[in-house]
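On a predicted model such as this, the values are computed, not experimentally measured, just so you know. Only heavy atoms go into these numbers, but all of them, side chains included; no hydrogens, no water, no symmetry mates.
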Amino acid sequence: MSQAKVDRNKEMKANKKQIMKKQKMMNLLRKCVLSLAALALVCWIGFSAYDTYTSNQERESVEVNYDAINDYLQNLSE
């Protein structure tokens with residue numbers, strides 16, 4: 001058992017640079033994914049808040065006067 005532990009430690013020392021590089025890349029990847037997820041969450045919350053705010057606003061109503069069109073159609077039918 002002791003010899004296996006010694007062999008494992010020797011292998012880890014020999015590959016220390018590669019192991020550290022892999023760990024740093026994984027940490028960077030993890031931070032990027034979490035940052036993108038947090039950004040998406042913040043954007044979604046912001047859009048939902050804006051949508052809620054705009055849906056509660058009063059909308060302007062416009063009245064259309066069709067008298068000129070009705071007169072024109074009436075003149076055509078006569």
Quiz item: Mind checking what makes side-chain contact (heavy atoms from CB on, under 4.5 Å) contact with Thr54, not counting sequence neighbours?
Solution: Tyr50, Asp51
Practice problem: Give every residue pair that meets the side chain to side chain donor-acceptor pair (under 3.5 Å) criterion with at least one member in residues 29-47, sequence neighbours excluded. | Solution: Asn27-Arg30
Exercise. Keeping to residues at least two apart or across chains, list the side chain to side chain donor-acceptor pair (under 3.5 Å) pairs with something in residues 14-23.
Key: none
Could you give the side-chain donor-acceptor pairs of residues 65-72 under 3.5 Å, partners two or more places apart or in another chain?
{"from": "Asn65", "atom 1": "OD1", "to": "Asp67", "atom 2": "N", "distance (Å)": "3.1"}
{"from": "Asn70", "atom 1": "ND2", "to": "Tyr66", "atom 2": "O", "distance (Å)": "3.3"}

